[in-house]
Amino acid sequence: MSLKKGDTIFFENCPSITGFATVGGKKESEGPLAEEFDCICVDTRMGEECWEKAESAYQRSAVEKALNKAGITLGDIDYLFAGDLQNQCTASAYTVRDLDVQFAGLYGACSTMAESLSLASSFVGSGICNRAMALTSSHFCAAERTFRTPLEYGGQRTPTAQWTVTAAGAVVVSAQGGAPYVKSVTLGHIRDFGIIDINNMGAAMAPAAAETILRYFADSGKKPIDFDHIYTGDLGLVGSTLLQEILKQEGVTLPNYSDCGMLIYDRLRQDVGAGGSGCGCSAAVLCAHILPEVQSGVMKNVLFVATGALMSPVTFMQGESIPGIAHLVHISSQK
Amino acid sequence: MNFVWAFVIGGLICVAGQLLMDYTKLTPARILVTYVVAGVVLSALGWYEPLASFAGCGATVPLIGFGHLLAQGVLDSVEKIGLIGALTGGFTAAAGGITASLVCGFLAAVFGQSKDQS
Amino acid sequence: MKLTKEEYQQMTTEASPKSQVVRDCIWAFCVGGGICLLGEVLKYFYCKWGLTLTDAGTLTSATLIALSAICTMFGWYQKLATKAGAGTLVPITGFANAVVSPAIEFKTEGYITGVGAKMFVIAGPVIVYGMLASVAWGIIWYFWRILFA
């Protein structure tokens, strides 16, 4: 059973994360987390004829590895929650086309890992089902041609622009199992502070992240020091600075804070502008870095706050500002 | 000396574009449109021809030169065939450049393949 | 949150790293100037081979466009452009890159609806507004000649 207080769902029988895996691309293999990926596929085409199919191939690979690590088969999964950055969420749909499983497609832009994990945990934690899987991915090349320009186009990136991560992450949530556990989840509110620059998405998402974090602390009565670490999804250099400034105005400081977009690449050496972004960014850091540390007990309590910028190329060209969203998951090594 | 001026003037026109990129919110597409229209206007006012004969390719290779080419084409056609020249002059003058881009684009699509930047 | 949109815009501007204008301009100057210089050299040789100035000009443009297409195809133009910025954007080679890159990228959507339809997705506005301006100038010039010449 679970209890909703304010915006946050607290689980009484905390669902367990029994399997998780991430598969990354070439640029990720050159970053600081390279060693921690389950698998690196340097050929970002994955032998397919287009980038869209390649992204689905990354997802398939992540699903297989997560199932293996959980020691189960696809038949044991009751629900699959999946999302990606492609139009109409097709990378996930085409992955699941080949998997016979009940499927709900999600679009939360870069926040999808926390969104899918929240929903999977809620389904399992409330006793609806025994096992659910959360799956997300992004692919630099597929995202670039959808949201920006063709890959061969000679454009100079502004210093605030972020680099879409090529990676897929899959998490199996089960009713029974060991650490890590999902203790609580907070689905976010949309916040839009009028940022229209598509090359400064960290700034567009920071207020939403602040809102969700503040609401969680209010609901749970906890403080930042109660956590070994607090991770945001892909705010990058600009967004993570802004998040800390907003929280400081609200009287909250985060002493143990990192952004996944800043962790996955060596920002200056790899020439990625303000850091990494995309659903694959938070998914990869969660599965490669955060969950193993919680599982082994190095970290006991972490907050994982994935952020998303919910615009499309059409709304951008129509001059609309960018709505931001952030979802929070509290992951713990104890029940 | 022609070569030096081509380098310097061409470079300066590009620096002007870079300043627009860094200091304004103008996207590359908007800068290109601005340059071409500016080229037509400057040429119409008679200010661009002196620069073109002085700096050669330094003035004609940047996209302002493309606007200059369009304006010159229209000017010649109107003088030769009257008002219809306003419709035909631009494309006649620009035909070489546009067709070359189009042919190269097609060939590159046939033989090339989209590649990851990382 | 107490924050207002105006305050947040201010905070964002302060938190966003600025472009390195001097470095960008030096790159743009050298690369852009270099491309123009290459054009001038080509034109010099074409003239020497007996072409008229107009033909040499057209052939120079075509050569630069072809070179740009080759560099685009191998991904070199994009690599240079991340440093050179307007130095690769403003010359005719940038126009060619804007035509060639979507043609390659959208090949997966077919030769008609992909390559054919998307080829001018970036460069199209340049032609549209260039032509509009030139037509307007043609009409003005026509009446100017009647009235004042």
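So that the names make sense, note that chain A is the first sequence line, chain B the second, and so on, each numbered from 1.
With C/Lys18 contributing its side chain and B/Tyr23 its backbone, the two residues share no donor-acceptor pair below 3.5 Å. A donor-acceptor pair under 3.5 Å links the side-chain atoms of B/Gln18 to the main chain of C/Ala86, judged by distance alone. A donor-acceptor distance shorter than 3.5 angstrom exists from the side chain of C/Lys107 to the backbone of B/Gly112, with no hydrogens or angles considered. Judged by distance alone, the side chain of C/Trp137 and the main-chain N or O of B/Ala71 form a donor-acceptor pair under 3.5 Å.
Between B/Ala6 and C/Cys36, the shortest heavy-atom contact is O-CB, 3.6 Å. Shortest non-hydrogen contact noted between C/Met131 and B/Leu70 is CE-CD2, 3.7 Å. Nearest heavy-atom pair across B/Phe3 and C/Glu40 is CD2-CG, 3.4 Å. B/Leu32 approaches C/Leu89 most closely through the heavy-atom pair CD2-O, 3.5 Å. The two residues B/Leu102 and C/Met119 make their nearest non-hydrogen contact at O-CE, 3.7 Å. Taking each heavy atom of B/Cys14 and C/Gly32 in turn, the nearest pair found is SG-CA, 3.5 Å.
Taken from OG in B/Ser101 to CZ in C/Phe120, the straight-line distance is 6.5 Å, to the nearest 0.5 Å. Here the OG-CG distance, from C/Ser19 to B/Leu19, works out to 10.5 Å after rounding to the nearest 0.5 Å. In this structure, CZ in C/Phe95 is found 7.0 Å from CG in B/Leu63, a value given to the nearest 0.5 Å. Atom CE of B/Met21 sits about 7.5 Å away from atom CG of C/Asp24, to the nearest 0.5 Å. In this structure, OG1 in B/Thr27 is found 10.5 Å from CD1 in C/Ile122, a value given to the nearest 0.5 Å.
Contacts between B/Tyr35 and chain C at a heavy-atom distance below 4.5 Å involve the side chain alone, from C-beta outward. Both the backbone and the side chain of C/Val135 come within contact range of chain B, each with at least one heavy atom under 4.5 Å from a heavy atom of that chain. Contacts between B/Val110 and chain C at a heavy-atom distance below 4.5 Å involve backbone atoms as well as side-chain atoms. Contact annotation for B/Ala55: only backbone heavy atoms (N, CA, C, O) come within less than 4.5 Å of a heavy atom of chain C. Neither the backbone nor the side chain of C/Val31 has a heavy atom closer than 4.5 Å to any heavy atom of chain B. Looking at C/Ala123, neither its backbone nor its side chain comes within 4.5 Å of chain B, counting heavy atoms on both sides. Looking at C/Met73, both its backbone and its side chain come within 4.5 Å of chain B, counting heavy atoms on both sides. Proximity to chain C is absent for every atom of B/Leu20, based on heavy atoms less than 4.5 angstrom apart. Of the two parts of B/Phe91, the backbone and the side chain both hold a non-hydrogen atom closer than 4.5 Å to a non-hydrogen atom of chain C. C/Thr60 touches chain B through its side chain: at least one heavy atom from C-beta onward sits under 4.5 Å away, while N, CA, C and O do not. Neither the backbone nor the side chain of C/Phe106 comes within contact range of chain B; no heavy atom of the residue lies under 4.5 Å from a heavy atom of that chain. Interface residue C/Ile139: backbone and side-chain heavy atoms are both found under 4.5 Å from chain B. Heavy-atom distances place the side chain of C/Ile127, and not its backbone, under 4.5 Å from chain B.
Across C/Gly87, C/Ala62, C/Ser61, the residue that shares the most heavy-atom pairs under 4.5 angstrom with chain B is C/Gly87. Between chain C and the options B/Pro62, B/Ala86, B/Cys57, the largest number of non-hydrogen pairs under 4.5 Å is found for B/Cys57. Counting heavy-atom pairs closer than 4.5 Å to chain C, the top residue among B/Val4, B/Thr88, B/Val74 is B/Val74. Of the residues considered (B/Val33, B/Leu87, B/Leu75), B/Leu75 shows the highest number of contacts with chain C, using heavy-atom pairs under 4.5 Å. Highest contact tally toward chain B, considering only C/Val128, C/Leu64, C/Thr72, C/Val41, is held by C/Val41 [criterion: heavy-atom pairs under 4.5 Å]. Highest contact tally toward chain B, considering only C/Gly85, C/Ala96, C/Ala69, is held by C/Gly85 [criterion: heavy-atom pairs under 4.5 Å]. With chain B as the partner, the residue from C/Ile104, C/Leu37, C/Val100, C/Leu42 showing the most heavy-atom pairs under 4.5 Å is C/Ile104. Here C/Gln78 is the residue among C/Lys43, C/Gln78, C/Gln20 with the most heavy-atom pairs under 4.5 Å with chain B. The most heavy-atom pairs under 4.5 Å with chain C, out of B/Asn2, B/Val103, B/Val40, B/Asp22, come from B/Asp22. With chain C as the partner, the residue from B/Gly105, B/Gly58, B/Ala44 showing the most heavy-atom pairs under 4.5 Å is B/Ala44. Put simply, of B/Gly39, B/Ala93, B/Gly67, B/Gly90, the one with the most heavy-atom pairs under 4.5 Å next to chain C is B/Gly90.
Counting heavy atoms from C-beta on, the side chains of B/Thr34 and C/Tyr129 never come closer than 4.5 Å.
Within a 6.0 Å sphere centred on OH of C/Tyr111, other residues, nucleotides and ligands contribute more than 12 heavy atoms. Within a 6.0 Å radius of CD1 in B/Ile84, other residues, nucleotides and ligands contribute 12 heavy atoms or fewer. For B/Arg30, the CZ atom is loosely surrounded, since the number of other residues' heavy atoms within 6.0 Å does not exceed 12. Taking a 6.0 Å sphere around CD1 of C/Ile112, one finds it holds 12 or fewer heavy atoms contributed by other residues, nucleotides or ligands.
Ring geometry for C/Phe29 against B/Phe7 counts as perpendicular: the plane angle is over 60°, on a 0 to 90° scale with 30° as the lower cut.
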